[in-house]
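Worksheet: one structure, shown below.
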Amino acid sequence: MAGRINDDDVKAVRDAVPIDAVVSEYLQLRNAGGGNLKGLCPFHDEKSPSFQVSPSKGFYHCFGCQAGGDTLDFVMKIDHLSFSEAVERLAGLAGITLRYEEGGYTAGSSGRGERIRLVEAHKAAALFYMDQLGSAEAEIGRKFLAERGFDQAAAAHFSVGYSPAGWDHLTRFLRGKGFTDKELITSGLSQDSRSGKPIDRFRGRLMWPIREISGEVVGFGARKLRDDDNGPKYLNTPETAIYKKSQVLYGIDLAKKEIAKTSRAVVVEGYTDVMACHMAGVTTAIATCGTAFGGDHIKILRRLLMDNATAEVIFTFDGDAAGQKAALRAFEDDQKFAAETSITIAPDGMDPCDLRLAQGDAAVAGLVEARTPLFEFALKHIVARHNLENPAGRSAALDEAAPIIKKIKNVGIQHESAVQLAGMLGMRDEQFVVKRIAQLDRWARERGNQPQEQRRGRSGHSYEDIAAPAAAPAGPALNLRSPAHITERELLKLALQRPALVSPAFDAFGMDEFTAPPYAAVRQAIQDAGGASLGTEDYLIRVREAAPNDTVRALVTELVVEAIHAKTVDEIYAGVHLVQVRLRAVDRRVHEIQGTMARLGHQGSPEQLAAVQEELWVLQQYGRLLRNRGAEGL
């Protein structure tokens with residue numbers, strides 16, 4: 001088994017892969033000032049960005065959930081990797097060959113993490129399938145694509161492939177690449193046969209690789225081509241350690257940059273629909289993989305859209321009953337977006353792929369532009385279910401539609417929609433409709449504000465308790481309004497981010513000069529790492545490693561990423577904070593000594609009083625020196 005990764009190689013990996021390049025594969029980053037970038041945290045739900053990245057320092061920190069660390073920490077956390085797996089992944093991106101303390105250069109599979117191995121198996125499988133698409137047997141697959149308007153270039157762009165119809169073509173190929181039968185079964189690429197030997201899961205099908213937002217292949221979607229294939233029309237990779245169908249979006253790797261750039265995402269229903277949209281210039285198109293659009297998909301899009309109110313998510317659904325049901329289900333999640341949600345339905349129930357074949361690229365682009373707000377679609381659907389020929393039917397439709405109106409995020413549109421609803425219902429008194437909607441909303445809110453014990457379930461827990469996510473572990477309490485704490489925090493940020501400005505004076509500061517225990521712990525970690533004067537390239541890594549626990553380590557990262565509160569950060573600014581922290585410590589000690597003298601009074605010995613008076617005189621002189629000469633007096 002491969003041993004510990006060489007420390008120099010770990011450092012080389014950290015230095016070679018910029019943290020902002022890695023993080024931006026998962027979420028949109030924008031300028032946060034001070035050289036930092038910000039985005040929506042991928043580790044917890046939030047409406048405004050509190051996740052910050054410092055490219056110059058190589059660290060990230062979320063000021064909401066306290067997650068933080070360097071590039072390796074980010075990859076480990078977001079993809080659930082071990083330390084060695086994260087190093088191996090980033091080394092692969094940077095083209096760095098890793099050395100292990102035991103066994104020399106890595107060559108075998110036994111020391112590789114499971115996730116890395118599964119991803120590598122899928123990468124090899126994707127290349128195999130792509131190569132097979134050119135075979136004579138795959139003529140049926142090429143014909144399928146051609147009939148839907150996709151040429152060889154389109155197939156290559158989406159890495160479409162073909163799985164041979166034999167029992168174990170891929171299995172034998174991957175064995176030749178060094179993968180074990182256990183890895184092939186675990187990956188979902190192979191399955192057990194009656195004979196006990198693994199065989200290919202996908203046979204005689206057109207293959208679409210399903211990639212994570214990072215671009216790594218984690219699964220496949222396979223389309224039936226032959227009538228004698230008794231399997232389902234579409235067969236996807238089963239749930240594995242790397243593939244969760246509720247957490248992937250087909251095409252997200254190709255669409256993510258344009259989604260972030262345009263603040264728009266188009267959600268379609270299938271692989272060929274994504275291809276058709278992209279070929280037609282709608283390069284923000286994505287699709288779910290054999291499951292309904294849900295909460296985990298929303299989290300992916302929110303990170304790319306930055307949850308700004310001008311963003312938009314457009315759903316394309318078939319015009320049949322199933323499509324309408326899917327649209328209404330999507331509207332139920334509307335409040336999870338800050339973005340506006342819309343729907344577009346192609347004429348004659350065609351999907352984007354059929355529409356492109358029938359009417360060309362311009363028709364697909366026009367379909368997206370001819371969208372309707374999702375709330376408007378929901379209103380029409382509700383109204384259509386009621387008999388508007390009698391007062392009871394109109395009243396019932398109004399009461400059912402009222403919550404839809406109140407869910408509209410743009411308050412200005414709420415009133416217009418209420419008036420529009422009055423017209424749909426045939427009610428001339430528009431003000432009555434507006435007031436009725438407000439009345440129903442008020443009643444709903446009053447029911448929501450009733451005493452908590454009235455809203456508890458049989459288990460004794462309140463419904464809010466059940467629905468609320470677990471609170472993130474809070475860091476140590478700090479009084480950020482305290483002038484002393486503010487100054488100490490700023491000095492620690494200088495010591496971590498600009499150590500040369502506070503050295504060597506900072507290293508002479510004692511732990512007791514920091515009144516906040518968390519800050520004293522950070523000061524201790526800096527000292528244990530060799531001090532701010534050390535100034536080595538791995539200085540920040542050493543400080544984090546010297547932290548006694550995760551809480552202090554998170555605070556270190558927070559202070560590394562948080563901007564220094566000054567337009568000009570220079571020796572003068574650093575000197576002011578050095579002096580303020582030291583001067584407050586001197587004043588505290590002076591106050592303590594004066595209290596000691598008061599307690600001693602006439603009862604202390606002359607020697608005790610003399611010693612205390614001498615210390616008091618020295619401290620007072622030192623305080624005057626600091627006040628008069630500033631940093632020069634340190």
Side-chain angles (χ1 to χ4, degrees), residues 47-48 263-265 267 293 298 302 305 307-317 319-321 323-345 347 367-452 454-455 462-464 467:
K47 290 297 185 182
S48 57
S263 292
R264 173 189 284 187
V267 182
F293 188 85
I298 290 172
R302 286 181 57 223
L305 295 170
D307 252 13
N308 66 76
T310 61
E312 186 176 17
V313 178
I314 303 170
F315 294 91
T316 66
F317 293 110
D320 58 14
Q324 292 192 17
K325 184 177 180 181
L328 293 173
R329 186 167 55 242
F331 181 72
E332 291 175 4
D333 289 326
D334 174 77
Q335 296 302 304
K336 297 178 182 178
F337 286 107
E340 297 296 334
T341 55
S342 303
I343 184 174
T344 183
I345 298 176
L367 172 66
V368 174
E369 294 306 320
R371 62 203 180 277
T372 299
L374 202 48
F375 68 81
E376 185 176 321
F377 175 86
L379 286 176
K380 290 178 179 178
H381 182 82
I382 288 172
V383 170
R385 291 208 310 265
H386 293 273
N387 181 6
L388 305 183
E389 297 300 320
N390 59 69
R394 292 192 293 272
S395 177
L398 171 57
D399 288 359
E400 187 178 347
I404 302 295
I405 300 287
K406 298 309 295 185
K407 283 183 179 180
I408 298 173
K409 291 185 281 285
N410 188 323
V411 178
I413 297 178
Q414 284 187 9
H415 180 79
E416 293 183 16
S417 298
V419 173
Q420 182 182 1
L421 177 62
M424 294 167 64
L425 297 174
M427 293 183 172
R428 295 184 179 182
D429 190 347
E430 296 174 350
Q431 287 305 309
F432 168 78
V433 173
V434 172
K435 291 178 180 178
R436 177 62 174 169
I437 291 173
Q439 182 185 52
L440 292 170
D441 178 59
R442 184 171 65 254
W443 288 348
R445 283 187 283 109
E446 288 173 353
R447 287 194 299 271
N449 291 330
Q450 62 185 316
Q452 193 174 53
Q454 296 180 30
R455 304 195 305 274
S462 71
Y463 301 127
E464 291 83 350

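Everything numeric here is computed off the predicted structure, so don't read it as measured data.
- The backbone N or O of Glu369 lies less than 3.5 Å from a partner atom in the side chain of Arg371, making a donor-acceptor pair.
- At least one donor-acceptor pair closer than 3.5 Å links the side chain of Thr344 to the backbone N or O of Leu367.
- For the residue pair Phe375 and Ile404, the shortest heavy atom distance occurs at O-CG2, 3.8 Å.
- Leu388 approaches Ala397 most closely through the heavy-atom pair CD2-CB, 4.2 Å.
- Atoms CD1 and CD, from Ile314 and Glu340 in turn, are 11.5 Å apart once rounded to the nearest 0.5 Å.
- Residues Thr372 and Phe377 come closest through the heavy atom pair CG2-N, 4.4 Å.
- Between Phe293 and Ile298 the shortest side-chain heavy-atom distance falls below 4.5 Å.
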Go through the steps to decide whether Gln420 and Glu416 satisfy the test side chain to side chain contact (heavy atoms under 4.5 Å, CB included), and finish with yes or no. CA-CA 6 Å; Gln420 182 182 1; Glu416 293 183 16; over 6 Å; no

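- Using a distance-only test at 3.5 Å, with no hydrogens or angles considered, no donor-acceptor pair links the side chain of Thr316 to the main chain of Ile345.
- Rounded to the nearest 0.5 angstrom, His386 NE2 and Met424 CE are separated by 11.0 Å.
- Smallest separation of non-hydrogen atoms from Leu305 and Arg264: CD2-N, 3.6 Å.
- Under the 4.5 Å side-chain criterion, counting only non-hydrogen atoms from C-beta, Ser342 is in contact with Glu312.
- Side-chain contact between Glu376 and Ile343: absent, with no pair of heavy atoms (C-beta onward) separated by less than 4.5 Å.
- Leu421 places none of its side-chain heavy atoms less than 4.5 Å from the side chain of Ser417.
- Looking at Lys406 and Gln414, their side chains come closer than 4.5 Å, going by heavy atoms from C-beta outward.
- Within 6.0 Å of CD in Glu389 there are 12 or fewer heavy atoms belonging to other residues, nucleotides or ligands.
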